[in-house]
Trainee: 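Got a structure here, written out as structure tokens. Questions coming.
These numbers were taken from a predicted model, which means no experiment stands behind them. Just so it is clear: chains get the letters A, B, ... in the order the sequence lines come, proteins before strands, and each one is counted from 1.
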Amino acid sequence: MPNLPKNPLKVDLSQLNPAQREAVVSADGPLLVLAGAGTGKTRVVACRVAWLVARGVEPGAILAVTFTNRAAREMKRRIADMIPAAMAEPITVCTFHSFGARLLRLHIGRLGYAPNFDIANDAYVEGVVQSLLTELGLPANNPPTAVWKQCLSKAKASLLTPDEIAADDAGWPPGFERLYPRYIMRMKAMNVLDFDDLLSLVVRLWQEHPEVLEECRRQYRYLMVDEYQDTNHTQFVLTSLLAGAAANLCVVGDDDQSIYGWRGAAVGNILGFQDQFPKAKVVRLEQNYRSSNTILEAANQVIANNPRRHHKALWSRGGQGDKIMIVKAKNENEEAEFAASLVRERKAVRGGSLDQFAVLYRSNHLSRSLEDAFRRAGIDYCVVGAKSFCQRREVIDALSFLRLAANPRDDQSLLRVLNVPPRGIGDRSLGHLLELQRTLGGTLQELMVAGPFPQGLSAAAATAAGEFSRCLQEWRSRLRQPGGLAEKIRGYLREIGYLDGLARIYKPRQDAIRRRENVLELFNAAAELEDRRGSDATLGEFLELFTLRDDNDRVKGRLEGSVALMTVHAAKGLEFPVVIVIGMEHELFPHHNSLKEGGLEEERRLFYVAATRAREELYLTYAARRRVGGNESVRRVSPFVREIPVCHTIDTDVASAFKPASAETAAEYLTKMKEMFGAANN
DNA sequence: CTATATGAGCTTTTT
DNA sequence: GCTCATATAG
């Protein structure tokens, strides 16, 4: 490269609207950006980062935290579009959890953990919970493990200690005060952290070792937090600690889109930001670049019924657009068929491909009738997010084998796969092993190879256990050598009998083949890592990447050319020209389980999110009768639908939506079609 | 110990 | 209608 004079960095703000520009150039002190749906939030954040750099802020001093990998990736991309790579590279853009993981790898020794800790995913935590429930003599499935897991997460996310839980009689299931401390001890003994630990241990680290906090504050002097409405208490404390008195803290979010309260997110964080920082500047982004004004006005009116919120009213320079169609179906099958025919008809009228359509629903099981209908209609569809790759049984098993090799202290994974595929070591032998651990202590892996364990077993079981241990040890040391990670993972899983065992575990051959393919996906992921990281990629790195990674990449590719079917939660952050929301019924949306704990407001926000996914056309459907858990029940339309001003809606039913039955419905139909076609021609 | 058969249960799920 | 968990026979 010749020595060219360096261009002074310029960031073009001319494309921004005044509010956006103000958010970008307010560089110092606390700043709250209230970014309504579709108001160009990512662009503003990226611009702000670039602007800071252009103003001379050292890139390495900027930390931008997001919730998802997808958001982090997107933000990096947008920043890289605006400033030279050499300046973009030192900027830290990452998720809360990867930030925590990175910091803890460096300093966790001070808290009594080893720095090569493993990170547990959901399935892993559930496994630990199950073992603990049996140990504590608590019922196995009442409440279900998922509920216990959620309680653990909530307790940790609120930074509650076991003592505080025991003193607090509000709402925890009976026995939780015993489970919670045991869970913490078990995880620590295995040197495994869960997702909440990645955050709460950072808080503890900073509180107990202020010099580490000081160092972080010196490094990260400009802090930005995306999706602030979704932060939980730990994340709030984390952010506050790091921001410190300097408080060059910019939080971006939309309280109206806070839909994760049930998981510990505290809307109060964004609602109370100005109480925390009385001098905070507040910028509202209300100009929407996504939806028609009909959709925006409907969404505005509905959300205005929520009492506690930052006032916002979205508007758009785009036209008024089509009315919102509210369609009544006889039952869930007619509803699903209507959705399918609607997609077909609108595609014929609009042209373009199927990926401009999305069908959204409140809960996963509603996808079933849709899938049937779309399959019958021969329309390509893709169900997003229902069962993520990582939760499949075979993937969990395969990962357990890998965790086992990476971490000799990981008892949980050992318990999970010791008898997978069946190798003659059943409940009795396992019980024997656990009994030994209770009396002798130590890790299960140690106990397996030495001491009195093999004697207590049948000859077959002892041989199997010995062979298992030998194989594990050998591959552990091989995996420690650098190079050929993917190949070694494959060799390990083959030799330990898992790959060939799949056919024995999963009975219909078709099923075994499918599961095998999923395991092969793991090898692909490892190979990918090797391509990116070079040949010295380690197993530990692979496991962390896989645990903290997101599934959305995979989904995105498949989405092309097909209708997206997903929950409203999964649709957050996405947009589609045409959106159909099904199951708009009382007790379903809002869901009956959420009505008790003042959850109606969150349900309304959820509906707000659903409606604002649509760019041009929005359809809301409901069924007069629906089979719920076997028996048919009579349904009423969702109250949210009736909160939309009638001037923005057309009420109809499936029969007359396509086929007019009488003169006046024919006229109405004609008007409707005119509007539709008119919009399509614009 | 393993392979099959029966029965309960079911909101949402960024990391 | 599908997945999990426990029961029971081989």
Trainee: How would you label the contact of A:D194 with the nucleic acid (heavy atoms, under 4.0 Å): base, sugar-phosphate, or nothing?
Mentor: nothing
Trainee: Who are the side chain to side chain contact (heavy atoms under 4.5 Å, CB included) partners of A:S429, not counting sequence neighbours?
Mentor: A:I425, A:L457, A:A461
Trainee: Using a cutoff of under 3.5 Å, can you pull out all pairs of nitrogen or oxygen atoms linking the protein to nucleotides 5-10 of chain C, with atom names and distances?
Mentor:
none

Trainee: Using the aromatic ring of A:H97 (for Trp, its six-membered ring), decide whether it stacks on the base of B:dT15 within the limits of 5.5 Å and 30°.
Mentor: no
Trainee: When you measure from the side-chain N and O atoms of A:N232 to the phosphate of B:dT15, is any distance below 4.0 Å, counting only OP1 and OP2?
Mentor: no
Trainee: Among residues at least two apart in sequence or on other chains, which ones pass side-chain hydrogen bond (donor to acceptor under 3.5 Å, both in side chains) with A:D500?
Mentor: none
Trainee: Using whole Å, what does the distance between atom C1' of nucleotide B:dT13 and atom NE2 of A:H365 come to?
Mentor: 16 Å
Trainee: Using a cut-off of less than 4.0 Å, is there contact between a side-chain N or O of A:N69 and OP1 or OP2 of B:dT15?
Mentor: yes
Trainee: For A:T567 and B:dT13, is the shortest distance between a side-chain N/O and OP1 or OP2 below 4.0 Å?
Mentor: yes
Trainee: With a centroid cutoff of 5.5 Å and a plane-angle limit of 30°, would you call A:W262 stacked on B:dT12?
Mentor: yes
Trainee: Can you list everything that forms a ring pair (Phe, Tyr, Trp, His ring centres under 6.0 Å) with A:F99? Sequence neighbours excluded, please.
Mentor: A:Y220
Trainee: Distance check needed: B:dC1 P versus A:I505 CD1, whole Å only.
Mentor: 17 Å
Trainee: Rounded off to whole Å, could you give me the CD1-to-P distance for the A:I259 and B:dT15 pair?
Mentor: 14 Å
Trainee: Does A:R613 count as lying over the ring of A:F576, i.e. NZ or CZ under 6.0 Å from the six-ring centre, within 45 degrees of the axis?
Mentor: no
Trainee: If you check every side-chain atom of A:N419, which of B:dT13, C:dG1, B:dT2 has the closest atom?
Mentor: B:dT2
Trainee: Can you measure A:L360 atom CG to B:dT13 atom P for me and round it to whole angstrom units?
Mentor: 12 Å
Trainee: Side chain to side chain contact (heavy atoms under 4.5 Å, CB included) with A:L271: which residues, sequence neighbours excluded?
Mentor: A:D255, A:V267, A:R308, A:H310
Trainee: Could you list all N or O pairs between the protein and nucleotides 3-5 of chain B that sit under 3.5 Å apart?
Mentor:
unit_1	atom_1	unit_2	atom_2	d
B:dT4	OP1	A:K507	NZ	3.1

Trainee: Please find out if less than 6.0 Å separates the ring center of A:Y113 from that of A:F117.
Mentor: no
Trainee: Specify the separation, in whole Å, of atom CZ of A:R626 and atom C1' of C:dG1.
Mentor: 15 Å
Trainee: Reading DNA chain B from 5' onward, which residue's closest nucleotide shows up sooner: A:R423 or A:V568?
Mentor: A:R423
Trainee: Is the ring pair A:F640/A:F607 parallel, tilted or perpendicular, if the boundaries are 30 and 60 degrees?
Mentor: parallel
Trainee: Does B:dT12 sit syn or anti, given that only angles within 90° of 0 count as syn?
Mentor: anti
Trainee: Does OP1 or OP2 of B:dT12 have a side-chain N or O of A:N364 closer than 4.0 Å?
Mentor: yes
Trainee: Applying a 4.0 Å non-hydrogen cut-off, can you work out what A:Y260 is touching in the nucleic acid: base, sugar-phosphate, or nothing?
Mentor: base
Trainee: Not counting sequence neighbours, which residues clear side chain to side chain contact (heavy atoms under 4.5 Å, CB included) with A:I396? List them please.
Mentor: A:A123, A:S400, A:R416
Trainee: When the nearest nucleotide of DNA chain B is assigned to A:F195 and to A:G426 on a heavy-atom basis, which residue is associated with the more 5' position?
Mentor: A:G426
Trainee: Mind calculating the distance between NE2 (A:H569) and P (B:dT15) to the nearest angstrom?
Mentor: 14 Å
Trainee: Using the side-chain heavy atoms of A:L548, tell me which of these nucleotides is nearest: C:dG1, B:dT12, B:dT15.
Mentor: B:dT15
Trainee: Answer yes or no: are there more than 12 heavy-atom neighbours, outside A:R393 itself, under 6.0 Å from its atom CZ?
Mentor: no
Trainee: Write down the distance between CG (A:L545) and P (B:dT15), rounded to a whole number of angstrom.
Mentor: 12 Å
Trainee: What's the NZ-P distance between A:K154 and B:dT12, to the nearest Å?
Mentor: 15 Å
Trainee: Apply side chain to side chain contact (heavy atoms under 4.5 Å, CB included) to A:L539 and list each qualifying residue two or more places apart in sequence or on a separate chain.
Mentor: A:L402, A:A405, A:A406, A:L479, A:L485, A:I489, A:F542, A:L543
Trainee: Between B:dC1 and A:S429, is there an OP1 or OP2 to side-chain N/O distance shorter than 4.0 Å?
Mentor: yes
Trainee: Measure from the side-chain heavy atoms of A:T95 and tell me the nearest of B:dT12, B:dT2, B:dT15.
Mentor: B:dT15
Trainee: Return the set of residues passing salt bridge (charged side-chain N to carboxylate O under 4.0 Å, His left out) with A:E135 (not counting sequence neighbours), or none when no residue passes.
Mentor: A:R182, A:R186
